[in-house]
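Reading through the structure tokens given below for one structure.
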There are 2 protein chains.
Amino acid sequence: MKPRAASTQRRTRIQKENEEIILESALEIFSTNGFRGTTIDQIAAAAGMSKPNLLYYFRRKEDMHQALLDQLLTNWLAPLEEMDPGGEPLEEICKYIRRKLEMAEKYPRESRLFANEILQGAPHIKEQLEGALRELVDEKSMLIENWIEQKKLAPCDPRHVIFSIWATTQHYADFDVQICAILAEEERIKTRFEDAAKMLEGLYVNGLKP
Amino acid sequence: MKPRAASTQRRTRIQKENEEIILESALEIFSTNGFRGTTIDQIAAAAGMSKPNLLYYFRRKEDMHQALLDQLLTNWLAPLEEMDPGGEPLEEICKYIRRKLEMAEKYPRESRLFANEILQGAPHIKEQLEGALRELVDEKSMLIENWIEQKKLAPCDPRHVIFSIWATTQHYADFDVQICAILAEEERIKTRFEDAAKMLEGLYVNGLKP
DNA sequence: GTCTATAAGGCGATAGAC
DNA sequence: GTCTATCGCCTTATAGAC
């Protein structure tokens, strides 16, 4: 049970601030250690508060995890939703790749949290995957099918094209350690996302051009 | 410390068998629950033996995990090693994609074990990534560079091409739950790997054709 | 709202009989 | 080699003072 609505605006604001601090810290730890690998102590330390104090805001460890996953899913669907039926097909796909790569660069922790959840069988978000996500993919797959019929794209399996874009872009967040182990220092530090964007755009433009 | 060499062949064989049973069970549990999410009890139950009995073969939980990662890395490098400098470039790349997809289909647990390890910062295999894996990628990148210079492949960043093949193929093992949540029943059950192979071959052949 | 203290249970690992 | 019993730590979560 959350704390009751406070009597003044001031208290409510403090509550919100603390919840944000906690979720920010929880994201940091969950995304690198996984759910079971994370202890409440670690999150509390990162949030600069005591463990019982943290548990005043989120009564159970799982509540923090679920809150993070819930707010994640909305943002996660956004880039695909923006794919525009009125746009030029190859350009829309390139823009989608760019948006996904930007998210991998800016929100790697969210990507890893999601990856951890899926890897372990998606116990907390399976319904959303089979519901909202599936519907969105169905919708955009039909859009891609239309583009193919209009000869604006080479024939391909739309769903698997979407999967491949997810895979290649999220890879730069989820497998960052491996990528950095392989690239030379200069590339690793400055240009890996830009290099990835160029390669992927070339691959998909040539690969899907009618 | 492992049990000392036994006095008879028979005992040694039993040891090996038990070690294999344990590692097989450990792979099953580690790959779905992660290291911290796995308990020795679970592995022992899956292996059909008591916890202390299991700990007679592997003194610590981490020993099982490390053994699995070590034996995994060898198999992991094999598909890329087989990329043949004497072959036809586009065909070699298609064959590499096929081999990787086959591994995702046949050994999804190994893929997920690896993904879990990388996601959490690769604490147990960082040296191998920066050593053997990096050298192999360097070698094959030079091969791809040569193919590009000979106008047998379109210009592209070889390392990122390799990354994209890893990402797209391993995705079918690591994110299987998500893929199955989205695909229709028929596709999900029978043809998803075949559909993926066709789409990816088309994408890379057209995308990298000079 | 925040703290100290602690209950309650899970889990890795060991002891020691057989 | 395998078992039963158990130690001792770590971790979640709660009680209750301030």
Side-chain angles (χ1 to χ4, degrees), chain A residues 1-26 28-30 32-68 116 120 123-124, chain B residues 1-30 32-68 120 123-124:
Chain A
M1 204 67 76
K2 289 282 183 62
R4 281 160 288 136
S7 47
T8 70
Q9 280 290 343
R10 176 160 183 74
R11 276 190 192 148
T12 304
R13 208 202 65 221
I14 289 177
Q15 280 181 8
K16 281 207 167 179
E17 279 177 10
N18 276 339
E19 281 175 18
E20 268 172 43
I21 291 171
I22 291 169
L23 288 180
E24 156 67 25
S25 308
E28 181 72 25
I29 316 285
F30 278 138
T32 51
N33 298 352
F35 181 74
R36 292 285 302 271
T38 294
T39 69
I40 300 179
D41 273 317
Q42 289 174 306
I43 301 174
M49 60 180 77
S50 69
K51 182 163 53 173
N53 192 186
L54 183 154
L55 286 167
Y56 170 80
Y57 291 98
F58 293 90
R59 282 195 57 198
R60 300 178 312 152
K61 181 182 169 181
E62 207 184 321
D63 293 345
M64 288 181 268
H65 194 243
Q66 189 68 54
L68 286 170
N116 262 307
Q120 317 216 341
H124 303 96
Chain B
M1 203 68 73
K2 290 280 182 62
R4 280 162 286 132
S7 47
T8 70
Q9 280 290 341
R10 176 158 183 75
R11 277 190 190 150
T12 305
R13 209 201 65 219
I14 291 178
Q15 280 183 9
K16 281 208 165 179
E17 279 176 12
N18 276 337
E19 281 175 17
E20 268 172 42
I21 292 171
I22 291 170
L23 287 180
E24 155 67 26
S25 309
L27 174 60
E28 182 71 25
I29 316 285
F30 279 138
T32 52
N33 299 350
F35 181 74
R36 292 285 300 268
T38 294
T39 69
I40 299 179
D41 274 316
Q42 289 174 304
I43 301 174
M49 60 179 78
S50 68
K51 182 163 57 172
N53 192 186
L54 184 153
L55 287 167
Y56 170 77
Y57 291 98
F58 293 89
R59 284 196 54 195
R60 300 177 315 152
K61 182 182 170 183
E62 209 185 318
D63 292 346
M64 289 180 267
H65 194 243
Q66 189 68 53
L68 286 170
Q120 316 216 341
H124 303 96

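Throughout, a chain's letter reflects where its sequence line sits, starting with A, and its residues are numbered from 1. The structure presented is a predicted model; accordingly, all values stated were derived computationally and were not measured.
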Original post:
Across the strands shown, which category fits Leu55(B) at heavy-atom distances under 4.0 angstrom: base, sugar-phosphate, nothing?
Top reply: base

Original post:
Expressed in angstrom and rounded to an integer, what is the separation of Asn33(B) atom CG from dG10(C) atom C1'?
Top reply: 15 Å

**OP:** Measure the distance from CG on Leu54(B) to C1' on dT4(D) and round it to the nearest whole Å.
**Re:** 16 Å

**OP:** Would you mind telling me which of dG12(C), dA13(D), dT14(D) lies closest to the side-chain atoms of Pro52(A)?
**Re:** dT14(D)

**OP:** To the nearest Å, give me how far apart CD1 (Ile40(B)) and C1' (dC9(D)) are.
**Re:** 14 Å

Original post:
Taking only side-chain nitrogens and oxygens of Tyr56(B), does any of them come within less than 4.0 Å of OP1 or OP2 of dA13(C)?
Top reply: no

Original post:
Does the side chain of Thr38(B) reach to within under 4.5 Å of the side chain of His65(B), using non-hydrogen atoms?
Top reply: no

Subject >> Whole-Å gap separating P (dT2(C)) and CD (Glu17(A)) >> reply: 11 Å

Subject >> d(CZ, Phe35(A); P, dT11(D)) in whole Å >> reply: 14 Å

Original post:
What distance do Tyr57(B) atom OH and Asp63(B) atom CG have between them, rounded to the nearest 0.5 Å?
Top reply: 15.5 Å

Subject >> Pairing of Lys16(B) and Glu20(B) as salt bridge, 4.0 angstrom limit >> reply: no

**OP:** Could you check how far CD1 of Ile43(B) sits from P of dC11(C), rounded to whole Å?
**Re:** 12 Å

Original post:
Of Asn18(B) and Glu62(A), whose nearest nucleotide on DNA chain D comes first from the 5' end?
Top reply: Asn18(B)

Subject >> Distance-minimising heavy-atom pair for Thr32(B) and Glu28(B) >> reply: OG1-O, 3.2 Å

Original post:
Whole-Å distance between dT14(D) P and Asp41(A) CG?
Top reply: 15 Å

Original post:
Taking C-beta and beyond as the side chain, do Gln120(B) and Phe35(B) meet within less than 4.5 Å on heavy atoms?
Top reply: no

Original post:
Would you say Asn53(A) reaches dC3(C)'s phosphate, i.e. side-chain N/O to OP1/OP2 under 4.0 Å?
Top reply: yes

Original post:
Just to confirm, is there a sub-4.0 Å distance from OP1 or OP2 of dG10(C) to any side-chain nitrogen or oxygen of Arg36(A)?
Top reply: no

**OP:** Tell me whether the OP1 or OP2 atom of dT12(D) has a side-chain N or O from Arg59(A) closer than 4.0 Å.
**Re:** no

Subject >> Distance, rounded to the nearest Å, where Lys51(A) contributes NZ and dA8(C) contributes C1' >> reply: 13 Å

**OP:** Could you say whether Gly48(A) or Lys61(B) is positioned toward the 5' end of DNA chain C, judged by the nucleotide with the nearest heavy atom to each?
**Re:** Gly48(A)

Subject >> Phosphate contact (dT2(C) OP1 or OP2) by Ser50(A) side-chain N/O below 4.0 Å >> reply: no

